[in-house]
Amino acid sequence: MNFQEKIEIYKDIIVSLDYCINDYLYILDVENDEYFISPHAAVRFKMDNAYFKNPVKEFKKFIYYKDYDLVIEDLNKILSGEKTYHNMQYRWLNDESLPVWINCRGQVIIENHQVKYLIGCINEIGKKQYADNVSGLLGEESFKNFIYPIDDDFEKGFVLRLGIDNFKNINENYGLKFGDEILKRTGKYIKDLLNEYQKLYHIVSDEFIIFDSNGTVDDAIYLYKKIQERTLDFIESTNYEIYYTFSVGILDFYSHPTASYIEIMKWTEFSLNNAKESGKNTYDIFDNCDYQKFQRESAIIRYLHQSIDHDYEGFDVYFQPIVDVNKKEVTHLETLLRFKCDEFGRISPMEFIPLLEKSGLIIPVGKWVLEKAIQACLSLKKYQSQLKVNVNISYVQVLKSAILNDILSIMKKYNVDRNRLVIELTESGFIESDRSFVNFCNQLKENSILLALDDFGTGYSNFHYLYNLKPDCIKVDRGLMKNALSNDYENLLLKHMIDMAHSVGVNMCIEGIETEEELHKVLEMGSDFIQGFYYSKPLPFNEITDYLKNFKKII
């Protein structure tokens, strides 16, 4: 058999085995300057064909540029006879031009003292495992391959995605080997509970998936409770040496038919996270309305990030007048944040501000708002020489940033008297962080910065704040005001609240006044400040300028 016949036989073998193996067989024909690899490699990687001539040139198309020179250097050693084997770990570009780690091994074939060809195997070393030797179960890649060939939607059955709560603590306290043993034994007792329609997969370190092709959501809940019982039995068998629980996300195919691997993984991950956020050791059934809300929130957070990265494009500050009852003039402006983006248009502050807090983006945005408020105060003082600006501060800013330093730095930058700024705090947001709240308020007072407590009289309000913190002003929202105007008991309660505030030298601001009738009734109670649509809705800077110019005419 001559050399060329051998090459053709090797190529036939590679083609024959193409659908039988996940790795890639190849042959580099040195004499004819040709390269041939398993055909499915041409689909996976950025190569034009499974067969090509002039391989050194073609390699440049799909070998990651940082690794190319090293590969060619090793290849030259083979061609010169310096090496008789090839074994390298480097990166190829996949069909999306992303680098993928491979291990390329090959044996040099020499005939008549000449290098004839290199034959070997390539495998992806970064690829997910099809099975897990620790738990003894099939892995995520096997679950993926099970789902992908199925064209029709699953109209019955369910998926359970189980996550061990606080598994990290087991590894940290007892070591990784002990943790591996727990996974192995956990996988075993879960598998013992399954019926003929159910398959178990170990997808990541502390998560399992159970696929059921026949059961209902009630069957899924029942199975979860059986797993809870068996888990407790296992823990008792160790004399409580370790303790752990399971949180579970449930996807019911009857309500959400799908054969999409991607959807199954996304939806069950969402549901599992909901279960963990609900206190753990519980289950959550996937709900599409909740998921759509989650997707919207995630999209809005992305837009918030983008806005900050593009010099706060999409953000704006509006100002709402606060009228001094005795002076009959606007003495304060409350600074209010607004946001809009291309996809959702203008978004309510009730929606985007909690997302700013959740993501931590309230810290840079809050600092930006402070600066905008101080700039406005300076620009508008020619219309009201003693004008003050009110700025809302989030509990996240207090707990996770040097907010006082930011305030003082901005006021120093613009050379503004500190009593021109009023910091508004919603006291209910600080219930869980009372000490930080009190310390921050005391620091404001020490630095001559005014303090207002917003939404007082709602939620968790405590009157001891009036005595402990001695705010300069407390603000009552429209809800409490409306109740007071329609109910004698609530009316008396609000009057007592105003009297109590006055007794300790604290001013009272009533918010949400919309009609003249409401205004007169509130004035009879003795409020010091009025805020609401009766005087003005929140206005952008250019409109608030005109408003202040003409305010005396309006009064």
Side-chain angles (χ1 to χ4, degrees), residues 316-338 349 366 369-394 407 410-411 414 416-427 441 444-445 447-457 469-478 481 498 501-502 505-514 518-519 522-523 525-555:
D316 199 1
V317 288
Y318 277 48
F319 302 91
Q320 186 171 32
I322 301 174
V323 176
D324 186 309
V325 171
N326 296 316
K327 295 181 180 180
K328 292 184 170 53
E329 61 183 20
V330 175
T331 56
H332 298 69
L333 296 175
E334 181 175 358
T335 311
L336 299 165
L337 184 62
R338 298 292 184 262
V369 171
L370 268 167
E371 188 150 9
K372 290 294 182 182
I374 296 301
Q375 289 173 349
C377 185
L378 285 175
S379 298
L380 297 171
K381 69 177 183 180
K382 57 186 173 184
Y383 307 114
Q384 168 53 273
S385 60
Q386 299 302 312
L387 186 68
K388 296 175 172 59
V389 285
N390 292 34
V391 177
N392 292 276
I393 294 296
S394 163
I407 292 171
I410 290 170
M411 301 196 78
Y414 292 96
V416 179
D417 292 338
R418 293 178 181 179
N419 64 359
R420 293 299 184 87
L421 176 65
V422 181
I423 295 297
E424 289 196 18
L425 301 170
T426 302
E427 139 264 354
C441 292
L444 291 177
K445 304 294 285 186
N447 285 279
S448 303
I449 296 169
L450 302 176
L451 169 66
L453 293 184
D454 199 10
D455 293 341
F456 198 83
L469 303 179
K470 294 184 174 57
D472 299 280
C473 182
I474 59 175
K475 302 179 74 175
V476 173
D477 76 349
R478 176 168 175 79
M481 180 274 295
I498 294 173
H502 288 163
V506 176
N507 290 319
M508 178 69 74
C509 176
I510 305 295
E511 298 182 282
I513 303 300
E514 296 183 357
E518 290 176 347
L519 174 64
V522 167
L523 289 177
M525 295 182 183
S527 179
D528 303 286
F529 297 96
I530 301 294
Q531 180 177 353
F533 281 17
Y534 175 77
Y535 285 117
S536 174
K537 65 181 181 179
L539 300 171
F541 178 78
N542 62 319
E543 293 183 29
I544 201 67
T545 301
D546 294 336
Y547 180 86
L548 289 177
K549 285 180 186 177
N550 302 309
F551 180 73
K552 289 184 179 179
K553 296 178 183 178
I554 296 172
I555 290 292

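Every heavy atom of this structure was used, including side-chain atoms; hydrogens, water molecules and symmetry mates were not.
By the 4.5 Å heavy-atom criterion applied to side chains, Glu511 and Arg478 are not counted as neighbours. Cys377 is not listed as a side-chain neighbour of Lys388, based on a closest heavy-atom distance of 4.5 Å or more. Residues Val391 and Glu334 have side chains not in contact (no heavy-atom distance under 4.5 Å, counting atoms from C-beta outward). Counting heavy atoms from C-beta on, the side chains of Asn419 and Ile449 never come closer than 4.5 Å. Side-chain contact between Leu380 and Leu333 is present, with heavy atoms from C-beta onward closer than 4.5 Å. A 4.5 Å side-chain heavy-atom check between Leu370 and Ile407 finds at least one atom pair inside the cut-off. Between Met525 and Ile510 there is no side-chain heavy-atom pair separated by less than 4.5 Å. Between Ile530 and Val325, the closest side-chain pair of non-hydrogen atoms falls below 4.5 Å.
Atoms CG and CG, on Leu336 and Asp316 in that order, are 11.0 Å from each other to the nearest 0.5 Å. The line from NZ of Lys549 to OH of Tyr383 is 4.0 Å long, rounded to the nearest 0.5 Å. With rounding to the nearest 0.5 angstrom, the SG atom of Cys441 is 6.5 Å from the CG atom of Leu453. Separation of atoms NZ (Lys327) and CG (Asp528) is listed at 11.5 Å; rounding is to 0.5 Å. In this structure, Glu329 CD and Leu548 CG are separated by 10.5 Å, a value rounded to the nearest 0.5 Å. Here the SG-CD1 distance, from Cys509 to Ile322, works out to 5.0 Å after rounding to the nearest 0.5 Å.
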Assess whether side chain to side chain contact (heavy atoms under 4.5 Å, CB included) is satisfied between Tyr535 and Val330, documenting all intermediate values.
CA-CA 10 Å; Tyr535 285 117; Val330 175; over 6 Å; no
Ile513 vs Val522, side chain to side chain contact (heavy atoms under 4.5 Å, CB included): CA-CA, chis, key distance, verdict:
CA-CA 9 Å; Ile513 303 300; Val522 167; 3.6 Å; yes
side-chain hydrogen bond (donor to acceptor under 3.5 Å, both in side chains) for Asn507 and His502? Distances and angles first, verdict last.
CA-CA 6 Å; Asn507 290 319; His502 288 163; 5.2 Å; no
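The two atoms that bring Phe541 and Ser379 nearest to each other are CZ-CB, 3.7 Å, heavy atoms only. The two residues Leu539 and Glu543 have their closest heavy-atom pair at CD2-OE1, 3.4 Å. Summarising the geometry of Tyr414 relative to Glu371, their closest heavy-atom pair is OH-OE2, 2.6 Å, with the distance given to 0.1 Å. Residues Ile498 and Ser527 approach most closely at CD1-N, 4.4 Å, considering heavy atoms. Nearest heavy-atom pair across Asn447 and Arg418 is O-CD, 2.9 Å. The shortest heavy-atom contact between Gly512 and Met481 is O-CE, 3.4 Å.
The ring-ring contact (aromatic ring centres under 6.0 Å, His included) check on Phe529 picks up His332, with sequence neighbours excluded. Every residue meeting the side chain to side chain donor-acceptor pair (under 3.5 Å) condition with Asp472, not counting sequence neighbours, appears here in chain and number order: Lys445.
Of the N and O atoms on the side chains of Gln531 and Lys475, at least one donor lies less than 3.5 Å from an acceptor on the other residue. Side chain to side chain, Tyr534 and Glu518 fail the donor-acceptor criterion of an N or O pair below 3.5 Å.
Proximity of a side-chain donor or acceptor of Ser536 to a complementary backbone N or O of Gly532 within less than 3.5 Å is not detected. Judged purely by atom type and a 3.5 angstrom limit, Glu424 has no side-chain atom pairing as donor or acceptor with the backbone of Ile393. A donor-acceptor pair under 3.5 Å is formed between the side chain of Thr335 and the backbone N or O of Asn390. Using modelled atom types, no side-chain atom of Asp417 and backbone atom of Arg420 make a donor-acceptor pair closer than 3.5 Å.
Lys537 has no carboxylate O lying under 4.0 Å from a charged side-chain N of Glu514, or vice versa, which leaves the two without a salt bridge.
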